[in-house]
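Note that the coordinates shown come from a computational prediction; the quantities given were computed from them, not determined experimentally.
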Amino acid sequence: MASPAHCPGAPLLALTTLAVVASAVTAACSAGDRDALLAIRAALSEAHLGVFSSWTGTECCTNWYGVSCDPTAGRVADLTLRGEAEDPVMAPAGRPASGVMSGYISDAVCRLDRLSSLILADWKQISGPIPSCVATSLPYLRILELPGNRLTGEIPQSIGSLSRLTVLNLADNLISGAIPSSVTSLASLKHLDLTNNQLTGRIPADMGNLAMLSRALLGRNKLSGTIPTSVGSLSRLADLDLAENQLTGAIPDNLGSAHVLTSLYLGSNRISGRIPASLLQNKGLGILNISRNAVEGAIPDVFTAQSYFMVLDLSRNRLTGTVPRSLSSAAYVGHVDLSHNRLCGSIPAGPPFDHLDAASFASNSCLCGGPLGKCT
């Protein structure tokens with residue numbers, strides 16, 4: 001048998017073996033990234049769950065909880081720390097963990113310039129502003145999630161520079177100021193959640209530029225002005241929540257043309273005008289809440305056998321006319337609330353009206369029939 005030294009295939013075999021061994025070795029953690037992570041840790045304090053207890057030694061890419069790296073470059077690609085999680089490290093007893101972390105987000109995070117995702121979520125006590133450099137120094141960022149904290153200040157004005165961003169979630173904080181106009185430059189954005197903050201000003205008029213957007217959640221803020229008509233051109237928009245703001249004007253007629261819209265929350269604003277018929281004709285819309293506004297006129301009698309409403313809440317407006325009889329032809333109607341309006345006439349018989357209670361029709365001008373009792 002020929003020795004490997006004289007075997008024609010030996011050099012190729014040796015090179016292949018070396019390549020396999022080399023590819024199996026993960027690059028060591030970048031010293032600069034490790035120093036940045038330590039600076040981030042120094043600005044935060046968490047004593048109960050011990051999420052930082054593994055942040056020791058030099059190999060931040062393999063042993064540090066919540067840290068993931070590009071295996072070839074040894075650069076930190078993901079930093080994910082959630083205060084409420086079912087991760088076995090955080091919840092060894094099998095019960096979901098709920099932690100509290102205080103401190104602030106150090107601008108050292110901007111030295112992790114290969115970050116793809118930055119998630120510091122639901123820690124309840126992390127305060128201070130979002131470092132403005134996040135918008136300018138992290139060009140590879142795809143996911144930015146900082147919800148459930150006590151962050152203050154404004155959304156960085158240059159947020160639109162994050163051209164790869166697909167998720168922007170800053171919900172449940174104390175963020176103030178206007179929604180930066182540059183947000184509408186985020187061409188890859190799919191999920192926008194700014195719910196429950198202290199945002200003021202108008203919704204950017206060119207929201208329709210966000211062609212990939214599927215969820216826009218802006219409820220529970222102090223936003224004013226009208227609903228931009230460009231929102232109706234968002235062909236991928238499935239969920240729109242603008243509830244509990246100070247919005248005025250009418251519901252855009254083209255909003256009902258959003259083909260994949262499944263939920264629309266507009267309650268507790270100052271919206272006026274009429275309900276667009278196209279909104280009630282939308283075949284995919286399953287949740288519609290326009291309650292607590294100043295919407296007037298008749299409820300369009302345009303329901304069909306393809307209508308499927310899990311929630312239809314039109315309560316506490318200035319609606320007049322009768323209860324639409326075509327609602328009885330809908331494929332499904334779950335919760336309906338038409339109370340506290342100015343409706344009149346008899347409530348149609350049969351489904352879905354026969355499973356609704358009196359509260360669904362209470363405090364109208366002169367409704368009768370169904371759960372309200374016989375008309376006289």
Closest approach of S182 to S158 (non-hydrogen atoms, all atoms of both residues): OG-C, 3.9 Å
In terms of hydrophobic clustering (I, L, V, M, F, W, Y; side-chain heavy atoms under 4.5 Å; direct or indirect links), are L118 and L112 co-clustered? yes
Qualifying side-chain hydrogen bond (donor to acceptor under 3.5 Å, both in side chains) pairs, either residue in residues 336-345, two or more places apart: R316-H340, D337-S339
Between atom OG of S291 and atom CG of D313, what is the distance when rounded to the nearest 0.5 Å? 4.0 Å
OG1 on T195 to CG on N169, rounded to 0.5 Å: 8.0 Å
Rounded distance (nearest 0.5 Å) linking atom OG1 of T56 with atom CG of N63: 7.5 Å
Kindly check if the number of other-residue, nucleotide or ligand heavy atoms within 6.0 Å of NE2 (H48) is above 12? no
Common cluster, Y265/I203, ILVMFWY with side-chain heavy-atom separation under 4.5 Å: no
Taking the side chain as C-beta and beyond, is there a heavy-atom pair between L79 and I119 under 4.5 Å? no
Does R215 form a salt bridge (charged side-chain N to carboxylate O under 4.0 Å, His left out) with D239? I'd like the steps, not just the answer. CA-CA 5 Å; R215 304 191 78 201; D239 302 295; 3.3 Å; yes
Answer whether the closest heavy-atom distance between the side chains of M101 and Q125 falls below 4.5 Å. no
In this structure, would M212 and V183 fall into the same cluster of hydrophobic residues linked by side-chain contacts under 4.5 Å? no
When hydrophobic residues are tied together by side-chain contacts of less than 4.5 Å, even through go-betweens, does L38 share a cluster with I126? yes
With the side chain counted from C-beta on, respond yes when L223 and L218 share a heavy-atom pair under 4.5 Å apart, and no when they do not. yes
Verdict with reasoning, L279 to I290, per side chain to side chain contact (heavy atoms under 4.5 Å, CB included): CA-CA 11 Å; L279 205 55; I290 311 177; 4.3 Å; yes
Check E84 with K124, please: is the shortest side-chain N to carboxylate O separation under 4.0 Å? yes
Looking at H355, I want to see if its NE2 is surrounded by more than 12 non-hydrogen atoms of other residues, nucleotides or ligands under 6.0 Å. yes
Does the side chain of S45 come within less than 4.5 Å of S102's, by heavy atoms? yes
Which atoms form the tightest heavy-atom contact between V302 and A277, and what is the distance? CG2-O, 3.7 Å
R75 bridged to D70 by N-O distance under 4.0 Å: no
Does F52 CZ have over 12 foreign heavy atoms under 6.0 Å away? yes
Do the side-chain sulfurs (SG) of C29 and C60 come closer than 2.5 Å? yes
With a sphere of 6.0 Å drawn around CZ of R164, does it hold more than 12 non-hydrogen atoms of other residues, nucleotides or ligands? yes
To the nearest 0.5 angstrom, please state how far the CE atom of M207 sits from the CG atom of N209. 10.0 Å
Working to the nearest 0.5 Å, report the span between OG of S230 and CG of L210. 8.5 Å
Is there a salt bridge (charged side-chain N to carboxylate O under 4.0 Å, His left out) between R82 and D122 once you walk through the steps? CA-CA 6 Å; R82 296 185 183 275; D122 301 315; 5.1 Å; no
Atom CZ of residue position R34 - does it have more than 12 heavy atoms of other residues, nucleotides or ligands inside 6.0 Å? yes
Are side-chain heavy atoms of V134 and D107 found at a separation under 4.5 Å? no
What one should report as the nearest heavy-atom pair of P300 and P324 is O-CB, 4.2 Å
Give a yes or no on whether K190 atom NZ has more than 12 heavy-atom contacts from other residues, nucleotides or ligands under 6.0 Å away. no
Report yes if some heavy atom in the side chain of T229 is under 4.5 Å from a heavy atom in the side chain of D253; otherwise report no. no
Verify whether one side chain among D206 and T184 offers a donor that lies under 3.5 Å from an acceptor in the other. yes
Would V295 and I275 satisfy side chain to side chain contact (heavy atoms under 4.5 Å, CB included), going step by step from the backbone distance to the final call? CA-CA 7 Å; V295 179; I275 301 173; 3.7 Å; yes
Would you call the rings of W55 and W64 parallel, tilted or perpendicular if under 30° counts as parallel and over 60° as perpendicular? parallel
Could you tell me if N196 and D172 have a donor-acceptor pair between their side chains, going purely by distance under 3.5 Å? yes
From L115 atom CG to I143 atom CD1, the distance as rounded to the nearest 0.5 Å: 11.5 Å
How close do S163 and S188 get, counting heavy atoms only, and between which atoms? O-OG, 3.4 Å
So which atom in D113 and which in L138 form the shortest heavy-atom distance, rounded to 0.1 Å? CA-CD2, 3.9 Å
Salt bridge (charged side-chain N to carboxylate O under 4.0 Å, His left out) for R41 and E46? Distances and angles first, verdict last. CA-CA 9 Å; R41 175 185 176 177; E46 192 285 309; over 6 Å; no
With side chain to side chain contact (heavy atoms under 4.5 Å, CB included) as the criterion, how do L255 and L240 come out once you've worked through the C-alpha distance, each side chain's angles and the decisive distance to 0.1 Å? CA-CA 10 Å; L255 199 53; L240 177 61; 4.1 Å; yes
Any chain of hydrophobic side-chain contacts (each under 4.5 Å) joining L266 to L217? no
Counting C-beta onward and ignoring hydrogens, is there a side-chain heavy-atom pair between I287 and F309 closer than 4.5 Å? no
Please check if any side-chain donor atom of D78 sits under 3.5 Å from a side-chain acceptor atom of T80, or the reverse. no
Report the C-alpha distance between L288 and L280 in whole Å, list the side-chain angles of each, state the deciding distance to 0.1 Å, and finish with yes or no for side chain to side chain contact (heavy atoms under 4.5 Å, CB included). CA-CA 9 Å; L288 176 62; L280 300 182; 3.6 Å; yes
Are side-chain heavy atoms of T166 and L189 found at a separation under 4.5 Å? no
On a heavy-atom basis, which atom in G103 and which in L44 lie closest, and how many Å separate them? C-CD2, 4.2 Å
